[in-house]
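Everything below concerns the one structure shown next.
This chain uses plain numbering: 1 for the first residue, then up along the sequence.
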Amino acid sequence: MNSNKQVPPGGASANSPGSYVVLPGSQRAVLPGAHVLGAADTDEWIELMTREELGAEYGAAPEDINNVKTVLTALGLTILKESPISCSIRVGGRAGVVESIFQVKLFHYSHPGGNYRGRTGEIHIPAELDGIVTAVFGLDNRKLVKRRPIKKRRTSLDLATRAEASRAWFFPAELATIYSFPAGDGQGQTVGLLEFGGGYFASDLATFCQDAGVSVPTVQAISVNNTPTNQKDGAEDEVMLDVEVVAGTCPAATIVVFFSTFDEGGWVDAVDTAIHDTQFPLTVLSCSWGYAEDAAGGWTAGAITSINETLQSAALLGVTICVAAGDDGSSDGVTDGHVHVDFPAASPYVLAVGGTTLKKSSSGVITETAWKDGDGLRADNGGSTGGGVSTQFARPSWQTVDIQSINPGSIEGRVVPDVAADASANTGYWTVVDGQGGVAGGTSAAAPLWASLVARLNASLGTPVGYLSPLLYGTGANGQAMGLSACRDITVGNNDTASIGGYNAGPGYDAVSGWGVPIGSALLNGLKGKL
């Protein structure tokens with residue numbers, strides 16, 4: 001018997017065909033602060049997804065798909081959807097059947113962040129599926145995303161008419177000019193946005209476009225797994241910020257907004273759907289949401305692995321993925337005193353985007369520092385750029401920088417962010433949400449701004465930029481890293497919010513602003529010799 005195989009206490013269940021094995025990476029703990037409300041009703045309907053190993057290229061082998069379907073239907077589950085290209089199968093069944101098949105006990109919990117159905121311990125799978133099924137999602141539906149735009153108080157729409165010299169905030173097109181974006185409007189590009197709450201509202205976009213003096217782009221709102229696309233739950237601030245940043249810089253692009261649920265299963269489904277969408281094939285995808293990669297009660301190892309594999313597929317398919325690095329500085333909002341980085345920003349297959357504070361004087365002089373408002377924590381009405389060293393991902397071979405984690409005994413991990421852009425709400429972005437004007441910021445604004453830059457680069461180059469991060473660390477002008485010539489260095493500021501400390505901006509690459517903010521024209525010239 002293989003060393004990873006074991007039968008759970010009490011032996012196999014009544015409807016089990018034989019032995020079970022532990023599913024690696026499925027260990028789960030109760031969310032800190034949660035309290036049990038009661039066991040899940042055995043008749044409660046549950047939908048979940050199993051994920052098989054990628055085949056030699058893309059997609060699951062047909063025999064693996066058939067094997068999973070045969071075993072799970074024999075045990076009482078219903079096949080709802082299969083997707084060989086994303087290596088996934090969606091199944092459903094009563095809670096009692098699901099508990100028996102996967103050898104778990106499900107409970108309902110109360111939590112200040114929202115009640116959820118959850119489990120503890122490890123998932124077991126039928127031995128016949130060992131080596132085929134690598135993760136199971138949907139048993140536990142705790143919320144994982146926490147990103148919200150850093151916003152100032154809503155104000156009158158009349159403020160949109162103020163002259164640029166008399167205000168601290170910007171329209172996205174003004175930032176595109178400051179950052180020397182290539183000329184263009186995103187014609188022919190499809191920009192995807194991942195959203196985990198809120199809704200898209202065409203009337204708000206129309207008002208914004210009128211304020212910004214741009215045409216209204218084509219927007220497609222897509223529901224992943226029947227998730228609403230029109231909720232006014234507070235998260236519409238994030239959705240409309242993302243949409244309006246892209247609309248303000250790429251009004252001729254098609255913007256596709258993918259709405260999914262807040263849990264691990266929702267994340268896996270959303271990323272799979274966006275990357276493998278054949279109706280709206282993407283050239284760039286932006287994500288302004290995330291969660292500390294190693295926070296207690298947060299991501300399971302299986303979810304991180306599954307999502308990261310899909311992000312790798314995106315890189316191979318030539319889709320650039322821009323992800324917000326976080327808005328709570330070096331702690332990433334975790335209160336254990338150590339430094340943390342956000343996932344999926346920590347994935348080596350994405351462009352992790354940090355934040356700055358950009359100021360433009362009445363005479364046009366630009367000053368820019370690392371973003372840190374107040375004490376750097378959103379809970380205290382501040383905010384600061386995420387950045388640091390991953391504990392989950394080894395440093396990729398292309399990331400040739402000498403930065404170590406300040407956590408004792410940490411690995412030499414992937415360093416975040418790669419780049420940065422304006423993020424402070426004090427010098428942020430004009431938005432229209434729920435019929436009101438206001439100013440928003442955060443790395444959740446910087447990420448779609450970089451996605452817009454990539455869309456313009458794609459249009460100018462006539463080919464997708466694709467997997468951009470390694471190119472920034474590779475050789476560019478004068479034998480130096482491309483990031484040095486394609487970005488304006490940010491050398492002032494820090495993201496210190498953890499008890500143990502944080503990171504400082506300085507000359508060259510750093511774990512606060514990465515290579516710095518874009519010089520779009522220089523990046524375009526550098527890429528011409530690489531693609």
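Although no hydrogens or angles enter the test, the distance criterion places no donor-acceptor pair under 3.5 Å between the side chain of S410 and the main chain of I406. Counting only distance, with no hydrogens or angles, the side chain of T229 and the backbone of S223 share no donor-acceptor pair below 3.5 Å. Using a distance-only test at 3.5 Å, with no hydrogens or angles considered, no donor-acceptor pair links the side chain of E174 to the main chain of P172. With hydrogens and angles disregarded, a donor-acceptor distance shorter than 3.5 Å links the side chain of T305 to the backbone of A301. A donor-acceptor pair under 3.5 Å links the side-chain atoms of D233 to the main chain of G198, judged by distance alone.
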Report task. Carefully, step by step, assess D489 and T491 under the rule side chain to side chain donor-acceptor pair (under 3.5 Å). Result -> CA-CA 6 Å; D489 200 4; T491 61; over 6 Å; no
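A 4.5 Å side-chain heavy-atom check between L471 and L527 finds at least one atom pair inside the cut-off. Residues I307 and V268 form a side-chain contact, since some pair of their non-hydrogen atoms from C-beta on lies under 4.5 Å apart. For the pair L472 and L523, the minimum side-chain heavy-atom distance is below 4.5 Å.
Between Q189 and T283, the side chains place a donor N or O and an acceptor N or O closer than 3.5 Å (distance only, hydrogens not considered). T443 and D327 form a side-chain donor-acceptor contact under 3.5 Å, judged by distance and modelled atom types alone. T427 and D422 are linked by a side-chain donor-acceptor pair at a separation below 3.5 angstrom, with hydrogens and angles left out of the test.
Aromatic ring pairs are classed by plane angle as parallel below 30°, tilted from 30° to 60° and perpendicular above 60°; the pair W169 and F171 is perpendicular.
In this structure, Y200 has its ring center no closer than 6.0 Å to that of F259.
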